[in-house]
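Just so you know, these numbers use all the heavy atoms, side chains as well, and skip hydrogens, waters and symmetry mates. First the proteins, then the strands, lettered A, B, ... as listed; each starts at 1.
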2 protein chains.
Amino acid sequence: MPPAPGDREARRQDVSEAVWRVLADKGFGGLTLRAVAAAMGVSTGMLMHYFPTKRALVAHALDLLERRTAERPRRARPTEGLAALRAMLLDILPLTADDTARNRIWVSSWDLALADESLGRDQADRYTRLRSAIRPHLEAARDHGELPATADPDQLAATAVAFTHGLVVQALFDPARFPPDAQTALLDTFLASIAGPASPSA
Amino acid sequence: MPPAPGDREARRQDVSEAVWRVLADKGFGGLTLRAVAAAMGVSTGMLMHYFPTKRALVAHALDLLERRTAERPRRARPTEGLAALRAMLLDILPLTADDTARNRIWVSSWDLALADESLGRDQADRYTRLRSAIRPHLEAARDHGELPATADPDQLAATAVAFTHGLVVQALFDPARFPPDAQTALLDTFLASIAGPASPSA
DNA sequence: TCGTACGTAACGAGCGTTCGGTATGTAAGC
DNA sequence: GCTTACATACCGAACGCTCGTTACGTACGA
């Protein structure tokens, strides 16, 4: 049923799935129209029906990456404070196959983002937003005595993001050395270290 | 004097310089024979005289990256322990223009490394070596009472590398928000946090 | 009958690579 | 001490291929 009108968005999602598969094992450097078409067993001409240009398809791929990151299943945010921060960072780490694929694609996109000023700004903004999302939990943690009163939430947010993404990269290249429980242990040790001696108050 | 024999290695270094310039602002995705040739004002045929294939040139580029990283000017390693670790990590951070270029190229190379199994192994080995180089300082720090006696040098090495490279990525995308002194302050706060309450001994 | 949804085939550009030609030096023969 | 022979260094043009893109043809549903 070729001219079935209305499932246009469904077709675009089929394309999304193929784009995702290509990105996951070839990276952005290997994202090509023919590769995507081959991955879904169609012609390149079909692709152009839904994405008029490659630039549109790359933009869609980045959208897809951002959307899948935003809509990924997340564990419950238990409370506010350090426990909530822990849940946020665990949701970033490559603990499952899906997380790994998503993180691989993110890291791969940095090559483009570093060479393209506009993409670089987007990435910088994403980091800013991530740090902003983390900061309230750090402020709450400090107010609840989980952190030293002298702790700087801005600095700590940058530090937590740095630790997490640095761990992501190491884990992507050496998954055998960084299985899920090792990553979790590293995160817990890190959180304990920024918490300081031992939570004095409640 | 075209056929000057003997300066063959000098010519290869000229090529290295051009490759570096291309990588620094186009990334590995933009590393092309014509781009390198144009950057040094010669023909592509000349390049093939010194690097028979593009694969050889990419391999050379990665060698160059590793060599320039190994031979970069480094600050004095004051003592052993946390001070030495601080110096090591400061030498990694993008505090100068050269450091920034080198780090950009490293991050850019991850796109290739994630897609190519052999390159991925090399990157994993580099991380292993970096952690191994860090661990002795952490052991010394622990033995000198700069770290809690319960500190795990292996875990801390991975954590320190994670923090540093995660900070590198954030700084590359948002240099305005992470000027050299901000990076240094973040590093010092991080080191103080893993040191725990306050150095009890010595 | 018309418009949408494709496949097929081809285009031009850019890629890595190859090839012939032209200098320029060194080495050998007389 | 010339000339000849040969290797090296390099350019310019071209090759074959793959890329993104376009044009054209066809089949189906409304």
Minimum-distance nucleotide (side-chain atoms of A:Met48 versus C:dA5, D:dT21, D:dG12): D:dT21

From C:dA10, D:dA9, C:dG7, pick the nucleotide closest to the side chain of A:Arg34? C:dA10

Between B:Thr32 and C:dG14, is there a side-chain N or O to OP1/OP2 distance below 4.0 Å? no

Could you please name the option among D:dC10, D:dC19, D:dC11 that lies closest to any side-chain atom of B:Tyr50? D:dC10

Whole-Å gap separating P (C:dC19) and NE2 (B:His49): 13 Å

Has A:Arg11 got a side-chain N or O lying under 4.0 Å from the OP1 or OP2 atom of C:dC6? yes

Quickly work out the B:Met46 CE to C:dT17 P distance and round it to whole Å. 17 Å

The single option from A:Arg77, A:Arg86, A:Arg72 passing side-chain hydrogen bond (donor to acceptor under 3.5 Å, both in side chains) against A:Asp91: A:Arg77

Output all residues satisfying salt bridge (charged side-chain N to carboxylate O under 4.0 Å, His left out) with B:Arg68, sequence neighbours left out; order by chain, then residue number. B:Glu17

Nearest to the side chain of B:Leu33, which nucleotide is it out of C:dC6, D:dA9, C:dT17? C:dT17

Go through the steps for B:Arg135 and B:Asp152 under the test salt bridge (charged side-chain N to carboxylate O under 4.0 Å, His left out), then give the verdict. CA-CA 9 Å; B:Arg135 193 175 44 236; B:Asp152 177 344; over 6 Å; no

The side chain of A:Thr44 lies closest to which of these nucleotides: D:dC19, C:dA9, C:dT17? C:dA9

Rounded to whole angstroms, how far apart are CG on B:Leu57 and C1' on C:dT17? 13 Å

May I have the distance from B:Phe51 (atom CZ) to C:dT18 (atom P), rounded to whole angstrom? 16 Å

Can you name the closest pair of heavy atoms from B:Leu33 and B:Leu47 and give their distance? O-CD1, 3.3 Å

Whole angstrom value for the distance that separates P of D:dC11 from CE of B:Met40: 9 Å

B:Leu47 has an atom CG; how far is it from atom C1' of D:dA9, in whole Å? 13 Å

Where is the tightest heavy-atom contact between A:Pro94 and A:Ala171, given as atom of each residue plus distance? CG-CB, 3.9 Å

Per atom distances to the B:Ser43 side chain, the nearest of C:dG7, C:dT17, D:dC11 is D:dC11

In this structure, how many angstroms lie between the C1' atom of D:dC10 and the CZ atom of B:Arg12, rounded? 17 Å

Per atom distances to the A:Thr53 side chain, the nearest of D:dT21, D:dC10, C:dC15 is D:dT21

